[in-house]
Amino acid sequence: MRTQSDARLYAAAIAVASGVYSVASAAGERADMMRMGDSVMLVVGVVVIAHGILLITPVAHRLGRMSGPLMIVWAAVMLANQVVSTTSDSMMTSWDGGMLALALLMLASGVIMSRPSEPM
């Protein structure tokens, strides 16, 4: 059975990877062509990286049970941004498979972290 600290380490890895991907995707757009969704992903990416880093520091204990719900929120924003980006009437774009996969992985991680701890 994995301990909460193992789950926190996995979540940190997922958060940092998702955040780096979000920042890299948004930064890959030319500044004059950056859409609102790219700006959202840039901000979310930075916040998610910070959250992931905090999960491997002593500050993680202060976050307590909030890390799981926060990861669910970050994943929801990433998924919503994909929906908005692919359905905008001015720019039809395709789904970003990497972003979709990382957002779903982050969502699963958030749900796992939000479960009550089982006594050992």
Side-chain angles (χ1 to χ4, degrees):
M1 178 181 292
R2 297 281 179 209
T3 65
Q4 184 63 29
S5 63
D6 287 341
R8 193 176 339 112
L9 291 174
Y10 292 137
I14 292 166
V16 170
S18 298
V20 167
Y21 190 89
S22 296
V23 169
S25 295
E29 295 296 320
R30 288 188 8 205
D32 61 333
M33 295 183 68
M34 188 175 272
R35 299 177 310 232
M36 179 64 167
D38 295 325
S39 299
V40 168
M41 291 317 298
L42 186 62
V43 171
V44 168
V46 170
V47 170
V48 170
I49 290 169
H51 183 203
I53 291 169
L54 288 175
L55 287 174
I56 59 174
T57 68
V59 174
H61 293 291
R62 283 193 248 165
L63 288 174
R65 305 289 306 164
M66 288 304 300
S67 285
L70 284 173
M71 290 190 75
I72 292 169
V73 169
W74 309 147
V77 170
M78 293 167 82
L79 291 169
N81 189 59
Q82 283 292 295
V83 170
V84 169
S85 294
T86 58
T87 58
S88 69
D89 54 355
S90 62
M91 291 188 163
M92 288 299 283
T93 58
S94 60
W95 287 86
D96 180 343
M99 184 70 67
L100 181 61
L102 286 168
L104 292 173
L105 185 59
M106 185 179 295
L107 179 63
S109 177
V111 168
I112 290 167
M113 290 181 69
S114 296
R115 295 183 328 185
S117 298
E118 294 181 15
M120 295 185 113

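- Looking at heavy atoms from C-beta onward, Val16 lies out of side-chain contact with Tyr21 at the 4.5 angstrom threshold.
- From Met66, atom CE reaches atom CE of Met71 across 13.0 Å, with rounding to the nearest 0.5 Å.
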Donor-acceptor pairs under 3.5 angstrom involving side-chain atoms of residues 98-114: please list them, not counting sequence neighbours.
{"from": "Ser114", "atom 1": "OG", "to": "Gly110", "atom 2": "O", "distance (Å)": "2.7"}

Donor-acceptor pairs under 3.5 angstrom involving side-chain atoms of residues 41-59: please list them, not counting sequence neighbours.
{"from": "His51", "atom 1": "ND1", "to": "Trp74", "atom 2": "NE1", "distance (Å)": "3.0"}
{"from": "His51", "atom 1": "NE2", "to": "Ser67", "atom 2": "OG", "distance (Å)": "3.3"}
{"from": "Thr57", "atom 1": "OG1", "to": "Leu54", "atom 2": "O", "distance (Å)": "2.8"}
{"from": "Thr57", "atom 1": "OG1", "to": "Val59", "atom 2": "N", "distance (Å)": "3.3"}

